[in-house]
Amino acid sequence: MQTFRNPYPRQLIIDIHSYCNASCVICPYTALKKQNPMGIMEEGLFEKIVRDFGDLTRKHGFRGNVLFCNMSEIFVYPEMAAQRLQYVIQSGLGAGIQTNAALMTPEAVSLLSSAGFDGTFTISLHGISPDVYKRVMGLDISTTLKNIDYLVQHYPKEKIVIQSIPWNWPEGEAKRIRSHFRSRGVRVRMPLANNRAGLLPNVAVHRKEKLAGCNAGRPLGEMVVCFDGDVILCCNDMGREEVVGNLRNNTIQEVWNGEKMQEKIGQIYYGKQSPDDFICRKCEFGITSNSPWKRLARNAGHEARKFILTRLR
């Protein structure tokens with residue numbers, strides 16, 4: 001099966017630092033922070049990456065997007081977040097934020113407004129009952145809800161999405177979340193937990209003996225950049241198993257079209273031999289067949305599980 005892949009990414013996911021204030025049981029960060037390199041992206045490196053991406057968008061005539069952040073929580077350093085978002089916006093690029101909102105204070109929101117930010121907020125909120133939220137995310141729900149309420153009152157609601165992953169929720173938790181945000185006119189989506197390509201053994205997934213593609217398609221249009229410039233294969237590779245290049249001394253296109261990246265694309269999409277421990281063989285998004293009937297059955301099973309966890313409980 002032929003797979004179309006542009007010779008450039010259309011979105012960058014950038015960690016401007018590698019720190020997070022949460023301890024979510026459905027995220028491997030707590031363990032990885034003890035073994036991964038940790039730090040803050042140098043301003044010069046960040047600006048080099050953004051300039052390079054801006055040049056690509058103008059050359060190829062598309063609106064590129066920069067998403068903050070992958071492993072980290074952007075509001076750990078709100079002043080830095082505002083400064084770097086402003087640089088992205090001034091470079092003619094779109095921008096979006098992924099956050100748990102616990103540190104998204106009114107002051108931080110004002111900083112972003114002053115920087116000209118008008119992109120999307122995706123807010124991770126994996127429970128709304130105080131005990132459930134604390135157990136799953138390790139944070140105080142009252143602080144988070146106050147911050148979200150302030151954002152809703154001062155920012156376009158259509159640009160705010162609550163992302164809630166059901167994880168050992170008690171009866172009625174999904175309904176409580178939907179009801180709370182429906183009354184505020186804010187959209188909620190509830191994807192199932194992701195095992196982060198084998199990093200969360202409590203989220204079951206079957207190892208693949210062969211690969212025929214990626215159900216998420218992320219390696220086809222998205223580049224994930226760590227704080228030190230390392231480029232990893234996918235946002236699920238939080239353990240940095242597959243580093244395909246570095247943007248400190250290379251351009252985005254050099255890494256995107258480089259030998260390491262092309263090798264991985266071949267292993268994911270074109271049936272080329274991969275090691276037994278290849279990350280995509282441990283990931284629930286890896287697929288073993290392009291048969292439309294198998295794809296239909298797989299998607300139907302996924303949707304049925306999601307319906308049970310988020311609609312019937």
Side-chain angles (χ1 to χ4, degrees), residues 13 15 20-33 67-75 96-104 120-141 143-145 147-148 151 160-182 184 186-206 214-216 218 222 224 234-239 282-286 298-313:
I13 299 178
D15 270 332
C20 184
N21 58 311
S23 54
C24 299
V25 296
I26 50 175
C27 176
Y29 175 81
T30 301
L32 292 177
K33 69 180 181 181
L67 188 61
F68 299 76
C69 296
N70 183 47
M71 179 171 174
S72 61
E73 166 53 52
I74 190 171
F75 289 111
I97 289 173
Q98 298 185 141
T99 175
N100 59 49
L103 300 176
M104 189 185 67
T120 58
F121 283 86
T122 300
I123 299 174
S124 298
L125 187 121
H126 310 312
I128 199 165
S129 301
D131 58 331
V132 175
Y133 184 79
K134 182 72 173 179
R135 171 171 53 81
V136 179
M137 299 189 68
L139 299 169
D140 175 24
I141 189 65
T143 299
T144 301
L145 290 180
N147 290 341
I148 295 174
L151 180 67
I160 303 170
V161 177
I162 304 297
Q163 180 161 282
S164 296
I165 295 175
W167 185 252
N168 295 331
W169 281 352
E171 193 79 21
E173 190 72 4
K175 293 179 181 177
R176 284 187 284 273
I177 293 170
R178 283 200 176 91
S179 175
H180 180 90
F181 289 105
R182 185 182 297 120
R184 289 156 173 79
V186 176
R187 184 163 62 97
V188 176
R189 65 183 180 212
M190 293 185 176
L192 298 183
N194 176 355
N195 86 337
R196 294 291 183 174
L199 289 172
L200 292 172
N202 54 340
V203 181
V205 67
H206 298 293
C214 170
N215 204 36
R218 293 190 177 101
E222 200 171 75
V224 184
C234 167
C235 61
N236 285 323
D237 187 12
M238 293 179 69
K282 300 179 284 184
C283 179
E284 60 260 61
F285 293 109
R298 181 174 60 247
N299 291 343
H302 177 87
E303 291 303 315
R305 291 193 301 274
K306 186 164 71 170
F307 183 81
I308 292 168
L309 289 173
T310 66
R311 295 289 181 179
L312 296 184
R313 297 194 60 190

### Worked check of side-chain contact (heavy atoms from CB on, under 4.5 Å) between I165 and N194
CA-CA 9 Å; I165 295 175; N194 176 355; over 6 Å; no
### Counterpart residues, side chain to side chain donor-acceptor pair (under 3.5 Å), relative to N195 (two or more places apart)
none
### Task
May I have the step-by-step check of side-chain contact (heavy atoms from CB on, under 4.5 Å) for T122 and R189, ending in yes or no?
CA-CA 10 Å; T122 300; R189 65 183 180 212; 3.6 Å; yes
Rounded distance [0.5 Å steps], [atom1] in [X] versus [atom2] in [Y]:
X: L103; Y: E73; atom1: CG; atom2: CD; answer: 5.5 Å
X: N215; Y: F285; atom1: CG; atom2: CZ; answer: 7.5 Å
X: S72; Y: D15; atom1: OG; atom2: CG; answer: 3.5 Å
X: T144; Y: I123; atom1: OG1; atom2: CD1; answer: 9.5 Å
X: N70; Y: M238; atom1: CG; atom2: CE; answer: 6.0 Å
X: D237; Y: M71; atom1: CG; atom2: CE; answer: 11.0 Å

For [X] and [Y], which heavy atoms make the closest approach, and how far apart are they?
X: Q98; Y: I74; answer: O-CG2, 4.3 Å
X: T99; Y: F75; answer: OG1-CD1, 3.4 Å
X: N147; Y: A102; answer: ND2-O, 3.1 Å
X: S124; Y: H126; answer: CB-NE2, 3.7 Å
X: S164; Y: P191; answer: O-CD, 3.8 Å
X: R176; Y: P170; answer: NH2-CG, 3.9 Å

For residues 20-31, dump all side-chain donor-acceptor pairs below 3.5 Å to protein atoms at least two apart in sequence or in another chain.
unit_1, atom_1, unit_2, atom_2, d
N21, OD1, N100, ND2, 3.0
Y29, OH, S18, O, 3.4
Y29, OH, C20, N, 3.0

### G239 backbone acceptor or donor facing R196 side chain under 3.5 Å
no
### Message
What verdict does the side-chain contact (heavy atoms from CB on, under 4.5 Å) test give for R218 and V224, after you've listed the backbone C-alpha separation in whole Å, the side-chain angles of each residue and the deciding distance to 0.1 Å?
### Response
CA-CA 10 Å; R218 293 190 177 101; V224 184; over 6 Å; no
### Non-hydrogen side-chain atoms of E173 and P166 separated by less than 4.5 Å
no
### Message
Do I160 and I148 have side chains that approach each other closer than 4.5 Å (heavy atoms only, starting at C-beta)?
### Response
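A side-chain contact under 4.5 Å is absent here.
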### Query
Which is it for H180 and V188 under the side-chain contact (heavy atoms from CB on, under 4.5 Å) test, yes or no, and what are the steps along the way?
CA-CA 10 Å; H180 180 90; V188 176; over 6 Å; no
### Message
The criterion is salt bridge (charged side-chain N to carboxylate O under 4.0 Å, His left out); which residues satisfy it with R184, sequence neighbours excluded?
### Response
D149
